[in-house]
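Atoms within each ligand, like the ligands themselves, are counted from 1 in listed order. Just so you know, these numbers come straight off a predicted model, no measurement behind them.
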Amino acid sequence: QAKPQVFITRRIPEEGIKMIIEYCETEISDFDGVLPREMLLKKVKNKEGILCLLTDTIDKEVMDAAGPRLKVISNYAVGFNNIDVEEATRRGIMVTNTPGVLTETTADLAWTLMMSIARRIVEADKFVRAGKFRGWEPLLLLGTDVYGATLGIIGFGRIGQAMARRASGFNMKVIYYDSQRAPSQVEKELGASYRTLPELLSEADFVTIHVPLTPQTHHLIGEKELKMMKKEAYLINTARGPIVDEKALVRALQEKWIRGAALDVFENEPEVEPELLKLDNVVLAPHIGSATYATRTKMAIMAAENLIKALQG
Ligand code: NAD
């Protein structure tokens with residue numbers, strides 16, 4: 001029996017590739033970077049499975065280019081806003097993602113970003129490297145206490161709840177907003193209280209975003225919401241860039257509506273709003289939420305399993 005043909009849009013950790021090669025006739029893109037659209041459209045032709053990344057837009061056109069044999073789109077990510085799931089479903093194509101395995105790793109990064117902006121670690125590092133350190137100073141690089149502060153979690157799913165668990169070790173007050181209120185048992189266990197979005201924004205010292213990008217969450221945080229935040233508060237976004245209106249955020253940081261922000265994701269990745277680069281009160285990371293050796297390997301295995309299971313029917 002012929003092996004199913006699959007296309008992998010970019011090299012992922014070997015553990016996943018090995019599993020796929022065993023079961024499938026596998027073509028892996030050797031292009032160094034995000035696969036250009038024309039190449040993607042050409043490569044998917046007649047494939048039964050595609051393993052793709054969040055940087056690949058998989059829409060109707062790609063599904064047309066693949067043709068009627070396409071059975072599964074396996075995304076190497078938990079977020080799947082890069083895929084037109086409705087269109088795939090209409091065609092009976094299964095869409096899979098890698099939930100769970102990256103939860104703690106992404107929460108670790110969100111926590112790191114929060115600590116980094118609160119304690120001005122990036123500024124401090126630059127300061128020392130520039131040879132400006134002249135000894136202990138009473139007013140040097142003063143920041144904000146995380147311990148005992150109020151953490152506002154927007155999106156109380158896997159990663160949002162992982163943030164709440166971390167917060168208990170820091171004696172933080174935890175409040176959350178979600179379109180679906182968590183069961184009271186979960187609220188109790190995690191010591192988290194529900195708030196409306198305006199309530200959360202006006203109460204939190206640190207606001208951290210963990211909702212998926214959907215039409216409902218696009219620009220969920222814009223000028224109005226940033227102005228509801230405390231002047232001493234910080235915004236952390238490790239979810240998806242377009243959830244925050246980046247232009248409004250730039251103004252918030254320039255005009256000090258809030259004290260700072262830390263971002264792992266950007267509205268027009270890989271482009272970064274040039275004004276952000278000029279500001280000291282923001283920490284920037286290049287979408288590395290799940291980027292640890294262990295987690296990227298687990299994601300590769302899960303994405304491979306998803307692909308193979310779907311092809312086996
Ligand atoms: P999840 O599905 O477990 O949690 C998402 C939560 O958001 C759910 O509780 C859901 O009810 C809530 N939600 C959905 N729509 C909402 C809305 N309109 N308003 C309010 N709440 C809403 O997902 P997760 O595993 O916690 O991941 C969250 C997101 O984080 C992913 O969708 C992904 O985009 C992003 N992410 C980023 C990285 C990174 O590298 N920076 C890594 C992993 C995940």
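By the 4.0 Å N-to-carboxylate-O rule, R240 lies too far from E269 to be salt-bridged with it. Classification of R91 and D64 as a salt-bridged pair holds, one side-chain N sitting under 4.0 Å from a carboxylate O. Contact check on R90 versus D84 returns no salt bridge, with no Lys/Arg side-chain nitrogen under 4.0 Å from an Asp/Glu carboxylate oxygen.
Residue contacts with ligand 1, taken as heavy atom pairs separated by less than 4.0 Å, involve S290 solely via the backbone atoms N, CA, C and O. Residue V211 touches ligand 1 through backbone and side chain together, judged by heavy-atom distances below 4.0 Å. Contacts between R158 and ligand 1, counted as non-hydrogen atom pairs separated by less than 4.0 Å, involve both the backbone and the side chain.
Looking at I159 next to ligand 1, an N or O pair under 3.5 Å apart turns up. Note: no N/O pair closer than 3.5 Å links T106 and ligand 1 by distance alone. Taking any N or O of Q216, backbone or side chain, none lies under 3.5 Å from an N or O belonging to ligand 1.
Y176 and E187 share a side-chain donor-acceptor pair at under 3.5 Å.
The hydrophobic cluster containing V78 does not contain I243, counting ILVMFWY residues as joined when their side-chain heavy atoms lie under 4.5 angstrom apart, directly or transitively.
Considering each of G100, G157, P212, G160, the one bringing a non-hydrogen atom nearest atom 7 (O) of ligand 1 is P212. Among T214, N81, T238, the residue whose heavy atom lies nearest to atom 36 (N) of ligand 1 is T238.
In terms of protein heavy atoms, atom 18 (N) of ligand 1 is closest to T217 CG2, 3.3 Å. The nearest heavy-atom contact from the protein to atom 13 (N) of ligand 1 is S179 OG, 3.7 Å.
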